[in-house]
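Below: the structure, in C-alpha cells.
Hydrogens, waters and symmetry mates are skipped; everything else that's a heavy atom, side chains included, is used. Sequence positions, counted from 1, serve as the residue numbers for this chain.
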Amino acid sequence: MNLKLSEEKANQAAVHRPKLKRSIIDCDIHHYTGMNVLKPYMPREYLELMETIVGSVRPNRAPVGGGFNGGLGGRMVDSFPPGGGPAGSDLAYMQEHYLDPYNVEYGILTGEGFGMQSSGGYDYAAAICSAVNDYTIDHWLTQDSRLKGSVFIMKQDPTLSVKEIDRVGGRSDMVQVIVSNGATLPYGNRHYYPIYGACVRHNLPFTIHVGNEGAGVNGPPTGAGYGSYYIESRAARPQVMMAHLASFIFEGVFERFPTLKVVLQEAGVFWVVPFLWRLDQDWKALRVQTPWVKKKPSEYFRDHIRVTTQPIEETPNRESFDQMLENMWAKETLMFCSDYPHWDFDSPLKALPRLEDELWDRIYYQNAAEIYNLPQRKAERKE
C-alpha cells in the first residue's frame with residue numbers, strides 16, 4: 001500500500017490549516033523511529049541480525065483483534081510527508097503541518113512503538129533503546145530547539161535502564177523517562193526502585209505511555225485475560241494504569257522518592273476521579289496493612305501525578321465535564337497532548353471545550369512547563 005500523501009493534497013490541507021495565537025506545550029508527539037532509521041546507531045554485532053531477530057522486541061502475541069488501522073495505517077491521512085516516507089518521519093513537514101500553525105512552543109517526542117519493552121532479549125532491547133535515543137538527539141532535538149526528547153529504557157532490567165538514563169538523561173533536551181503501560185510488574189514494585197533513583201538524580205519525570213499491554217513478557221491487557229477486538233484492549237487501558245497508580249501509592253514509592261513525578265499518558269482522564277475516591281475509602285479501612293502510606297491516596301496523586309488529555313472522555317453535559325476537571329484538580333494535574341500524527345489526533349483547537357483563561361493556560365502550557373522544567377511562554381503572536 002502506498003502511504004504517500006500527494007503533494008497537491010498536502011498543499012490543500014495547508015491552506016485550511018488553523019492557527020493558534022497562544023503557544024502551547026504538546027506532551028505527546030510521535031516521531032517515526034522505525035528500524036530503517038535506527039540501523040546506523042546499532043552495535044555492529046546486531047546489524048546482520050536485525051531483520052531476523054526483530055521479532056524478539058515485538059509482541060509474542062498479535063495485537064488484540066489484529067490492531068486498528070484507523071486513518072491511513074493508523075495515522076492521519078494528511079500527516080504523511082508529500083515527498084514520501086512514514087508519518088512523523090520528516091521534521092520539515094511536521095513543522096509545516098503541525099508545530100508552526102498550532103503554535104507549539106515545545107513538543108515532547110515519544111517515538112513509535114514500545115516493542116523493546118516487552119522483550120526477553122534484554123541486551124538487544126537495550127541497544128534498540130539507545131539507538132532510539134541517539135537517533136532522536138541527532139535528527140530531531142539538535143534540529144529544532146522546540147522539540148524535547150524522552151529517554152527510552154528497557155525497564156525489564158533496571159541495571160540497563162539506569163545505565164541509559166545516566167548516559168543521556170543529563171542532557172537539557174531530554175525531559176522525561178518513558179515506558180510502556182504493559183509491564184511485567186506494577187510500577188510501584190521495588191524492582192523498579194533503581195530507575196526511580198536515576199529519575200530523581202536527573203530531575204526527570206517517569207512517564208507511562210499506553211501500549212504493549214499483554215505483549216511478550218508483559219502481563220495480560222485486562223484483569224480477565226485477552227479480549228477479541230482492539231476496542232476491548234483500548235477500553236482496558238485505564239484498568240492497567242489503575243494498577244500502576246495504586247501500586248505507586250501503596251508500595252510507598254512517593255515516601256521513598258518524595259520528589260519523583262509520574263505522568264500517565266494516553267489512557268483517558270476522568271476514570272481518575274472515582275478511582276481516587278475508592279482508593280481513599282479503602283485506605284481508611286485498610287491502612288494498617290500499609291503504615292508507610294502517610295497521606296490519603298488522593299493527596300499523593302495531587303502532589304506527584306500528572307495526566308495528559310488525549311483521549312479525554314466526552315461527558316453527557318458541560319456541567320459534568322467541569323465537575324470532573326475540578327474533582328481531579330485539573331488546574332494542577334492535567335496537561336495537553338495531541339498524539340500527533342496518530343489517527344485519533346486531538347487538535348489543540350478542538351480537544352477541550354472553551355475554558356476560562358487561567359485553566360486553559362495551566363492545561364495547555366504551565367503544568368507541563370513546570371514538570372519538564374521548560375521556560376515560561378514567549379509573547380503571543382500578533383496574526
Side-chain angles (χ1 to χ4, degrees), residues 20 22-29 102-108 110 148 150 175-176 178 181 204-210 237-238 240-242 244-246 248-249 254 260-277 279-280 296-340 342 344-374 376-377:
L20 199 63
R22 282 188 290 180
S23 64
I24 64 171
I25 297 175
D26 187 341
C27 299
D28 188 23
I29 298 176
Y102 286 99
N103 205 4
V104 178
E105 192 151 324
Y106 295 103
I108 316 302
T110 50
K148 304 300 175 184
S150 305
V175 297
Q176 66 181 1
I178 196 165
N181 198 25
L204 297 172
F206 180 80
T207 296
I208 308 170
H209 190 289
V210 298
R237 286 170 175 172
V240 181
M241 202 70 85
M242 287 177 187
H244 292 314
L245 177 55
F248 270 115
I249 293 169
F254 300 125
L260 180 67
K261 303 292 185 183
V262 174
V263 178
L264 311 182
Q265 194 159 70
E266 210 178 307
V269 177
F270 290 150
W271 60 265
V272 164
V273 175
F275 189 60
L276 289 177
W277 292 342
L279 294 186
D280 281 356
K296 292 192 298 184
S298 58
E299 293 180 36
Y300 286 108
F301 173 86
R302 192 172 182 178
D303 291 342
H304 295 273
I305 306 293
R306 299 296 178 263
V307 181
T308 58
T309 58
Q310 202 280 340
I312 197 164
E313 296 83 357
E314 295 184 13
T315 58
N317 52 62
R318 179 58 194 266
E319 181 181 11
S320 297
F321 185 89
D322 291 339
Q323 288 176 342
M324 289 300 227
L325 289 181
E326 182 178 357
N327 285 325
M328 67 173 294
W329 306 282
K331 193 173 287 188
E332 304 166 28
T333 66
L334 192 60
M335 307 189 302
F336 171 74
C337 76
S338 69
D339 197 28
Y340 181 91
H342 290 174
D344 53 350
F345 164 77
D346 272 358
S347 163
L349 294 170
K350 300 178 180 179
L352 302 175
R354 186 176 181 84
L355 304 172
E356 55 92 14
D357 282 350
E358 183 184 4
L359 181 58
W360 191 99
D361 191 54
R362 295 295 306 180
I363 293 173
Y364 279 90
Y365 197 95
Q366 298 300 336
N367 289 338
E370 290 172 4
I371 198 171
Y372 294 124
N373 297 301
L374 298 173
Q376 294 299 304
R377 177 187 285 109

Just one of I178, V210, I208, N181 clears the side-chain contact (heavy atoms from CB on, under 4.5 Å) bar with Q265, so which one? I178
Partners meeting ring-ring contact (aromatic ring centres under 6.0 Å, His included) with F206 (sequence neighbours left out): Y187, Y196
Residues two or more places apart in sequence or in another chain: which of them pass ring-ring contact (aromatic ring centres under 6.0 Å, His included) with F270? F321
Do the non-hydrogen side-chain atoms of F248 and H304 ever get within less than 4.5 Å of each other? no
Going by salt bridge (Lys or Arg N to Asp or Glu O under 4.0 Å), name the pairs with one or both residues in residues 306-318, residues two or more places apart or in two chains. R318-D322
With rounding to the nearest 0.5 Å, note down the distance linking [atom1] in [X] to [atom2] in [Y].
| X | Y | atom1 | atom2 | answer |
| --- | --- | --- | --- | --- |
| L325 | I363 | CG | CD1 | 5.5 Å |
| I108 | K148 | CD1 | NZ | 8.0 Å |
| I29 | F345 | CD1 | CZ | 9.0 Å |
| M324 | T315 | CE | OG1 | 8.0 Å |
| L245 | F275 | CG | CZ | 5.5 Å |

In terms of heavy-atom contacts, D28 and C337 come closest through CB-CB, 3.5 Å
Which residues satisfy the side-chain contact (heavy atoms from CB on, under 4.5 Å) test with H342, sequence neighbours excluded? H30, R75, E112, D339, D344
Residues at least two apart in sequence or cross-chain that pass side-chain contact (heavy atoms from CB on, under 4.5 Å) with V307, listed by chain then number, are L264, V269, V272, F301, I305, M328, L334
Listed by chain and number, what are the side chain to side chain donor-acceptor pair (under 3.5 Å) partners of [X], not counting sequence neighbours?
| X | result |
| --- | --- |
| T333 | none |
| E332 | R302 |
| S320 | N317 |
| Y106 | none |

Result block: side-chain N/O donor-acceptor pairs under 3.5 angstrom for residues 348-358, not counting sequence neighbours:
residue	atom	partner	partner atom	Å
E356	OE1	E358	N	3.0
E356	OE2	L359	N	3.0

Please evaluate residues T110 and E266 with respect to the criterion side chain to side chain contact (heavy atoms under 4.5 Å, CB included), reporting the C-alpha separation (whole Å), side-chain torsions for both, the decisive distance (0.1 Å), and the verdict. CA-CA 11 Å; T110 50; E266 210 178 307; over 6 Å; no
Scan for side chain to side chain donor-acceptor pair (under 3.5 Å) pairs involving residues 362-373, sequence neighbours excluded, and state none if there are none. E105-Y365, Q176-Y372, D361-Q366, R362-N367, R362-E370, Q366-Q376
Those residues at least two apart in sequence (or on a different chain) that pass salt bridge (charged side-chain N to carboxylate O under 4.0 Å, His left out) with E326 are none
